[in-house]
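Throughout, a chain's letter reflects where its sequence line sits, starting with A, and its residues are numbered from 1.
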Protein chains: 2
Amino acid sequence: MQDGTFLSLDYPNVTTSKRGDVFARNCPTRQLLDRVGDKWSILLLGMLGEGEMRFSALKRRVDGISQKMLAQTLRTLERDGLITRHVEPTVPVSVTYAITPLGRELLGALQWLIDWAETRMSAVAQAQVAYDLRMAV
Amino acid sequence: MQDGTFLSLDYPNVTTSKRGDVFARNCPTRQLLDRVGDKWSILLLGMLGEGEMRFSALKRRVDGISQKMLAQTLRTLERDGLITRHVEPTVPVSVTYAITPLGRELLGALQWLIDWAETRMSAVAQAQVAYDLRMAV
DNA sequence: CCATCAGGTTTCTAATGGAAACCAAGTGTG
DNA sequence: CACACTTGGTTTCCATTAGAAACCTGATGG
């Protein structure tokens, strides 16, 4: 990875940018981060990776998510083609969400992140303690 | 990935949790997402992955970051042991940030995400257009 | 004596997130 | 008939956060 390939200074009014301009506003990675860079998107995608699930089940099982953020995030994920929404006209209506192949691809890429967290977050916690001690002097 | 291993309902007052409880508040992945789940952390880590860099250089090259968020995010990353901060007592003072081995590990895991974005964000964009057309009817 | 540099911090405002209330449609209950 | 209850949301309101811009520090050159 060299300087000129991974970076760019100004990158105005571009919707498709060449590989590697990760720090410019309109590069694919920035678009991804602006969209699913939040924890609820990632957690919901992970959840639906286990199998389709209804709104209320998602709400129960993704610890701490508000109904508003759940609805909002699901709609964004659906719009992005990462999940599908299926309405069954029962009474009361039941709505099922499922991951798409595209979503599953993304989840695959996220799995490395999850694995890293599982094994290395303890090191991060340690680093925090050390930092706080240094700064408390 | 099965139901009981990846999930958990309530997970109160736990700082170390067993592998896989990705949706509980105190699992490692949630901790990671709460911390470096924001785009600035990821972008700065990616930037410093290319080599050490000074505050002003980071500000110039990470498109759109404010000075406040830059300072704030760098301090969090330093506290987490993902980057280091070195002050050279020149005049004016020059401060250099560099990635740590731990940070580089995390960056490695993030690379899969970046790669996915580079190749598949166009599919996401397409899905958006299709969704907006469906909904406009 | 003032402007300039890097590397921040402070201040103020705009946008966002979360909690809780509300809603719609249909069904069961007294 | 009136009322409560279900799911899957939306709305409202308030607290937190992000961002823009001004300010600060300390030495140095004009």
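Rounded to whole Å, the distance from CG on Asp38(A) to P on dA18(D) is 13 Å. Rounded to whole Å, the distance from NZ on Lys59(A) to C1' on dG17(C) is 16 Å. The nearest whole Å value for the distance from the CG atom in Leu74(A) to the C1' atom in dT10(D) is 14 Å. Distance, Arg85(A) CZ to dG8(D) P: 9 Å, rounded to whole Å. Computed from coordinates, the Arg54(B) CZ to dC5(C) P distance equals 13 Å when rounded to whole Å. Straight-line distance from the NZ atom of Lys68(B) to the P atom of dA18(D): 7 Å, rounded to whole Å. The distance between atom CZ of Arg60(A) and atom P of dT6(D), rounded to the nearest whole Å, is 13 Å. Between Leu58(A) atom CG and dT7(D) atom P there is a gap of 14 Å when expressed in whole angstrom units.
For the 3.5 Å distance criterion, the side chains of Gln128(A) and Asp132(A) fail to qualify, holding no donor opposite an acceptor.
Rounded to the nearest 0.5 Å, atoms CH2 (Trp40(B)) and CG (Leu70(B)) are 9.5 Å apart.
Remark on DNA chain C: of its neighbouring residues Trp40(A) and Gln67(A), the 5'-side contact belongs to Trp40(A), judged by nearest-heavy-atom nucleotide. DNA chain C is contacted by both Pro92(A) and Lys39(A); Lys39(A) maps to the nucleotide lying nearer its 5′ end (nearest heavy atom per residue).
Looking at the side chain of Met69(A), the nearest of the listed nucleotides dA6(C), dT6(D), dG17(C) is dG17(C). When each of dT28(D), dG26(C), dA6(C) is scored by its nearest atom to the side-chain atoms of Val91(B), the top-ranked nucleotide is dT28(D). Here the nucleotide nearest the side chain of Val95(A), chosen from dG8(D), dT10(D), dT9(C), is dG8(D).
Gln72(B) comes within 4.0 angstrom of sugar-phosphate atoms only, judged by non-hydrogen atoms across all strands, and of no base.
The phosphate of dG7(C) (OP1 or OP2) has a side-chain N or O of Ser56(B) nearer than 4.0 angstrom. Applying the 4.0 Å criterion to OP1 and OP2 of dT9(C), one finds that Arg75(B) has a side-chain N or O inside that range. Phosphate contact (OP1/OP2 of dT7(D), side-chain N/O of Ser94(A), threshold under 4.0 Å): absent. Side-chain nitrogen and oxygen atoms of Tyr97(B) include none within less than 4.0 Å of the OP1 or OP2 phosphate oxygen of dA6(C).
No side-chain donor-acceptor contact under 3.5 Å links Ser41(B) to the backbone of Gly37(B). At least one donor-acceptor pair under 3.5 Å links the side chain of Arg30(A) to the backbone N or O of Asp63(B). Of the possible polar contacts, none joining the Thr96(A) side chain to the Met53(A) backbone as a donor-acceptor pair under 3.5 Å is found.
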